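Data first, discussion second: the structure below is written as structure tokens.
The sequence lines fix the lettering, A, B, ..., with proteins before strands; numbering per chain opens at 1. Computed from heavy atoms alone, side chains included, the values below leave out hydrogens, waters and symmetry copies. Values in this document were obtained by computation on a predicted structure and should not be read as measured data.
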Number of protein chains: 2
Amino acid sequence: MRDFNKKLRVLLIDDNANHLRGIKELITLETNYSVVGATRSANLGINLIKKYHPDVVLMDINMPEKDGLQAIQAINKMELQTKVVVLSGYDDADLVYRAMKLGARGYVLKTMASVKLIDAIEDVSEGKIYLPAALSTRFFEYFQSSAREEASKAEGENLLNTLTIRESEVLELLTQGVNYKSIAGTLIISETTVKTHVNNIFQKLQVNDRTNAVLYALSHGFKPSNKSAAMTAA
Amino acid sequence: MRDFNKKLRVLLIDDNANHLRGIKELITLETNYSVVGATRSANLGINLIKKYHPDVVLMDINMPEKDGLQAIQAINKMELQTKVVVLSGYDDADLVYRAMKLGARGYVLKTMASVKLIDAIEDVSEGKIYLPAALSTRFFEYFQSSAREEASKAEGENLLNTLTIRESEVLELLTQGVNYKSIAGTLIISETTVKTHVNNIFQKLQVNDRTNAVLYALSHGFKPSNKSAAMTAA
DNA sequence: ACTTATCTAAACCTAAAGATTGAGAAATCA
DNA sequence: TGATTTCTCAATCTTTAGGTTTAGATAAGT
């Protein structure tokens, strides 16, 4: 994964000039690292990344400003091999979660020992994810609580379970925005039969129109149960 | 978090009787652990958990069978303090991802040294998440690739961006399943004006009816831009 | 001053959707 | 066998949705 003959090329982004200097000194003390750039602007940093294709980007993130997160996303959209390590003063669960979600490969707190920063750069450059235990735990708890919310939707007394097989097939086509005529054609039944099914669906889902039926289905984890082709219909 | 005066109460679930014995011996060698139960059945294990409220559950997961994952979910639904550590022969990214999503607090491979298992139990009982570096990296790459898929929906040439403010307000109400009359009432404009807006929306989103407009909005990350009340409308 | 975009509204029309009632055929269940 | 469910279809009706044209008022940009 890593070629030890070449120096790791690191780029620094931190809006605080003092931090920037400090980190730069810290990094340059390491014999096998070279700082290819250091800037206080996220936008400028992105341009430098385009030019120099660094191995690792150390990116400072300040809570109130949203630029940092957007920058992470922008960097990963470039599809380079550049790995992003977040350097933040905040161990906020949501911030850690979003940073990782947007493609960060490491997250280091400013309060941590500077050697951790070197560890992070080292790990990340080797393809690993660097997330200290405390942050990792926070991340996963956030992750799991988000998942629980989603799961709870698909549960409860789900009116979708009262639908018959045929009604589910009709509802699936409804969720694809298909009109009566096309549904009838797809299921090879008459249009009036489709209307009957749809009306039964409405009663069971306690709605009055197809839009609300579709919204109910989508928000309650409706999954097409059958093996139908599910082709795009006009 | 952890009271060192009391022994950690551990429950084992593994459908392989030999593994079960082996792990039981391993655990009981540790002076501050006590095995409160050991079973080969996931369902039986869940009942034992209800009875004994163990601190940690060691759960074996075999790839083909889905029982293990469901058991994890079932255990976490109980809202106990019981932490689940997965013991698996598979380092499949999807399996790791789903196990953690469903509430597992640790994941250990059978190929790992047995001391890792003790580490996992120890960490997890203290409220930490235990995920070895290699698995952690896999998890995050899976997590990030999933997130990228979602994000790509909200990007691209998004026809939603062509909507005016007023049209977005109307579309928001459409995505709540509101009809013309109610939209007119909410926005305090005439019904014909609403129709005009809706028709313009249809043209811009290249659809022919409200259901497809709503489906387009939901699948392209439509976010209500304004500060409207967004109350539930009949 | 001129143009363009946006929001508003009406009138008119067609098409589609939704509500209701009734009913036959087949399958399943008690 | 009798009862129930499900799937099928028709006829009729009301309501809503959707398409089109036209146009006034306002605001913003050139």
Fill in: 5' to 3' contact window, DNA chain D with chain A (heavy-atom distance under 4.0 Å)
D:dT6 to D:dA10
Write down the protein N/O and nucleotide N/O pairs, taken from nucleotides 18-24 of chain C, whose separation is under 3.5 Å; answer none if there are no such pairs.
{"unit_1": "C:dG18", "atom_1": "OP1", "unit_2": "A:R210", "atom_2": "N", "d": "2.8"}
{"unit_1": "C:dG18", "atom_1": "OP2", "unit_2": "A:Y180", "atom_2": "OH", "d": "3.0"}
{"unit_1": "C:dG18", "atom_1": "OP2", "unit_2": "A:R210", "atom_2": "NE", "d": "3.2"}
{"unit_1": "C:dG18", "atom_1": "O6", "unit_2": "A:K195", "atom_2": "NZ", "d": "3.1"}
{"unit_1": "C:dA19", "atom_1": "OP2", "unit_2": "A:N199", "atom_2": "OD1", "d": "2.8"}

Practice prompt. Give a yes/no on whether any side-chain N or O of B:S190 is located under 4.0 angstrom from OP1 or OP2 of C:dA9.
Written response: yes
Worksheet item: Between atom CD1 in A:I183 and atom C1' in C:dA17, what is the gap in whole Å?
Response: 11 Å
Practice prompt. Please identify each residue that fulfils ring-ring contact (aromatic ring centres under 6.0 Å, His included) with B:Y97, with sequence neighbours left out.
Written response: A:F143, B:F139, B:Y142
Worksheet entry | Pairing residues for A:K181 by the salt bridge (Lys or Arg N to Asp or Glu O under 4.0 Å) criterion, not counting sequence neighbours | none
Worksheet item: Of all residues at least two apart in sequence or in a different chain, which pass the side-chain contact (heavy atoms from CB on, under 4.5 Å) check with B:A99?
Response: B:L69, B:I72, B:V86, B:A104, B:Y107
Discussion item. How many whole angstroms separate atom CD of B:E191 from atom P of C:dA9?
Written reply: 12 Å
Practice prompt. Taking ring-ring contact (aromatic ring centres under 6.0 Å, His included) as the test, write out the residues that go with B:Y180, two or more places apart.
Written response: none
Worksheet item: Of all residues at least two apart in sequence or in a different chain, which pass the salt bridge (Lys or Arg N to Asp or Glu O under 4.0 Å) check with A:R105?
Response: B:E141
Item to complete: Compute the bend angle of the helix from C:dA1-D:dT30 to C:dA30-D:dT1 from the end axes (five pairs per end), rounded to 10°.
Response: 50°
Practice prompt. Could you pull out all residues at least two apart from A:E191 that satisfy salt bridge (Lys or Arg N to Asp or Glu O under 4.0 Å)?
Written response: none
Item to complete: Apply side-chain contact (heavy atoms from CB on, under 4.5 Å) to B:N47 and list each qualifying residue two or more places apart in sequence or on a separate chain.
Response: B:K50
Worksheet, complete the sentence: Taken in chain and number order and not counting sequence neighbours, the residues that satisfy side-chain contact (heavy atoms from CB on, under 4.5 Å) with A:D14 are A:N16, A:H19, A:L20, A:I23, A:D60
Item to complete: Can you sort out the partners of A:T164 under side-chain contact (heavy atoms from CB on, under 4.5 Å), two or more places apart, ordered by chain and number?
Response: A:R166, A:E167, A:K204
Practice prompt. Answer yes or no: is there a donor N or O on one side and an acceptor on the other, between the side chain of A:N212 and the main chain of A:N208, under 3.5 Å?
Written response: no
